[in-house]
Amino acid sequence: MSKETPKSGPDFIRAIIEEDNRTGKWGGTVITRFPPEPNGYLHIGHAKSICLNFGIAVQYGGRCHLRFDDTNPAKEEEEFVESIKEDVRWLGFDWGEHLYFASNYFEQIYQWAVQLIKQGDAFVCDLDADQIREYRGTLKQPGKESPYRNRSVEENLDLFERMREGEFEEGSRVLRAKIDMAAPNINLRDPVMYRILKRAHHRTGTDWCIYPTYDFTHGQSDSIEGVTHSICTLEFEDHRPLYDWYLDRIGAHHPQQIEFARLNLTYTMLSKRKLIQLVQEGRVSGWDDPRMPTICGFRRRGYTPEAIRDFCGRIGVAKADSTIQIEYLEHCLREDLNKRAQRVMAVLDPIKVVITNYPEGQTEELDAVNNPEDETAGMRKVPFSRELYIEREDFMEDPPKKFFRLSPGREVRLRYAYFITCTEAVKDAQGNIIELRCTYDPATRGGDAPDGRRVKATLHWVSAPHAIDAEVRLYDHLFTAEQPASIPKDKDWRELLNPESLTVLKGCKAEPFLCGAQPGALYQFERKGYFCADRDSAPGAPVFNRATTLRDTWARVQQKG
RNA sequence: AGGGGCGUAGCCAAGCGGUAAGGCACCGGUUUUUGGUGCCGGCAUUCGCAGGUUCGAAUCCUGCCGCCCCUGCCA
């Protein structure tokens, strides 16, 4: 009798959707949308939203739109819409025919603004930005009404039309909703609906010199598209009454807005503004710098869409502010890559080993397993010879008790090769170890001793004459603080950047198998971690990014002392 | 004269009146030609705090405390 493992209930959003489907609220249809502003690259926080919105659409047989909320021509660029599309696709989602732009709705939105003016629900205000702020009041005090609030419908219509015609300067006038200057919710204190921006828009060009605000666009865009569940982050909770007010006055379909807590990650900054700064100030090599929490950064680093999707599914969806430990994401990557990554041997910090009793000039090929977790991955040949490289840290002249690896007089296994015993550590004049001399046991070919004797360690290695040189880039957290976002406002967050977030290793030695590594190819360097061939690789000069290390219990033992 | 949210383990997170799921992390053990993987086991007498209702409360009520968001012509 197999016992059913207790299953988690659906998250609160899916619970709402299931309830809606049960009651037939939307006739069983589920339409969501992912609505980015094309003013930057997507990051892991967006991935949570993408997985949620597209995931729900798939799960409930609905659909998810990709809509660009491009209402601010001052910040938006075509480059960003292309990158966003690429990243959503890479994550494994498909919007089908449903690619939209809020800017496609500008005429309709304009007509709705006219309708609100005619209804006496909107007015053209001549206050400047500072004055509007003053009139708005504070969190604890009500605002006061604009002196232009009671203009006639005719005058408002005339002024608004002339705003559209370009008769007025930027900032000189705005269109505002006439709601309630004493509302406790500040969003309802006669919010701005349209502003004058004499800027070319990446899609509508110079068709417009007035642009609707996000607040006067988002809800209607959802409405036009027939969105049923408009899923967004917590900070928009206060805006919901405003969206409802607009839709009520317009008399249009009301999507149901549901807010969830955005993703935060330890040692990571997910504010778009700050990511833009990192790129613009050259503190990283670009949006896809492998240290960046952007989707393209993770992609270049060696993360897989599967791992990111798995992560997004496992962290859950709720309304409580939360910060996920970055280790959780790393765990999801390891779990995915453990099953699929080709194993390979590469020595990051090489020290030469001479097998003194191995015939000079002799070479042989040994069989290596490509992936012990996947039988179909097959085998490959690895060359062996008298001179090898092993990892410098795998040898200790005077090892502590729990060090199992090579040391004078100790026998270890070279993976898939032979047992070797260290006979001498050759030093230079300064006393640095520059070479190890060992003997091998020919009877242990392949890695097993016929007499059944055991060794406590298996080392990875590379044959010196066959090795190819590689550059390896190691990455650490971009920030030294666990919660970089919570730095006091009077301090510069850039002080928290980790000066050691990137370590470039040159002269690493890899087995010849890696010679033709294609950019994007993923490998497990045995005992070292998961690595991704970088696009900076040149023929014969591969470059690898370390996506993440392997779990390392020895490192933990060492730390404990 | 403020409004809107949220508090279950180190980090996430189920639970929705019947006596604290699961994952990550951590700690043991075991397997292992990766100190990897896998496998087995441990890890909240208690759900922000205090009262109350009830045979019974993380779940209901009251009060308090703490944290987050809101005063862009950003999204």
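Convention: sequence-line order gives letters A, B, ...; per-chain numbering from 1. These values consider heavy atoms only, across backbone and side chains, with no hydrogens, waters or symmetry-generated copies.
Separation of the C1' atoms belonging to U45(B) and U37(B) is 36 Å when rounded to the nearest angstrom. Spacing between G3(B) and C60(B) at atom C1', rounded to whole Å, works out to 26 Å. For the P atoms, the distance linking A20(B) with G42(B) amounts to 16 Å, nearest Å. A gap of 47 Å separates the C1' atoms of C55(B) and U30(B), to the nearest Å. Comparing the P positions of C43(B) and G5(B) gives a spacing of 39 Å, expressed to the nearest Å. For the C1' atom pair drawn from C24(B) and C61(B), the interatomic distance equals 37 Å after rounding to whole Å.
Contact between R413(A) and D448(A) at its shortest, heavy atoms only, is NH1-OD1, 4.5 Å.
Under the stacking criterion of a centre-to-centre distance below 5.5 angstrom and an interplanar angle below 30°, Y328(A) is not stacked against the six-membered ring of G23(B).
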Could you go through nucleotides 25-32 of chain B and list every protein N or O atom that sits under 3.5 Å from one of its N or O atoms, giving the distance for each pair?
{"residue": "C27(B)", "atom": "OP2", "partner": "R556(A)", "partner atom": "NH1", "Å": "3.2"}

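Among the atoms of the strands shown, base atoms are found under 4.0 Å from some heavy atom of R343(A). Residue K402(A) is in base contact, counting any heavy-atom pair closer than 4.0 Å across all strands shown.
Of the side-chain N and O atoms in R527(A), one or more sit less than 4.0 angstrom from OP1 or OP2 of G35(B).
Taking the six-membered ring for Trp and thresholds of 30 and 60 degrees, F236(A) and Y214(A) have ring planes inclined between 30 and 60 degrees apart. The aromatic rings of F513(A) and Y523(A) sit perpendicular, their planes meeting at an angle over 60°, well past the 30° parallel limit.
Closest to the side chain of F403(A), from the set U34(B), C12(B), G35(B), is G35(B). The nucleotide whose nearest atom lies closest to any side-chain atom of D552(A) is, among G35(B), A13(B), C24(B), G35(B).
By the 6.0 Å and 45° rule, R176(A) does not stack over the aromatic ring of F123(A). Note that R203(A) lies in the cation-pi zone of F101(A), set by a 6.0 Å cut-off to the ring centre and a 45° limit from the axis.
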Sequence-aligned protein contact record of nucleotides 70-75 of chain B, with B where the base is within under 4.0 Å of a protein heavy atom and S where only the sugar-phosphate is: BBSBSB

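With a 3.5 Å ceiling on both atom-pair distances, the Watson-Crick or G-U wobble partner of C67(B) is G5(B). G41(B): Watson-Crick or G-U partner is C27(B), with both key distances under 3.5 Å.
With no hydrogens or angles considered, a side-chain donor-acceptor pair links H202(A) and E78(A) at under 3.5 Å.
Annotation: side-chain contact (heavy atoms from CB on, under 4.5 Å) contacts of A510(A) (sequence neighbours excluded): A346(A), I468(A), L514(A).
Annotation: side chain of P399(A) is not in contact with side chain of R405(A) (no heavy-atom distance under 4.5 Å).
Annotated as anti: G10(B), whose O4'-C1'-N torsion sits more than 90° from 0.
Remark: side-chain polar atoms of E170(A) are paired, donor with acceptor, to backbone N or O of K198(A) under 3.5 angstrom.
Separating the CG atom of D374(A) from the P atom of G38(B) is a distance of 15 Å, rounded to the nearest angstrom.
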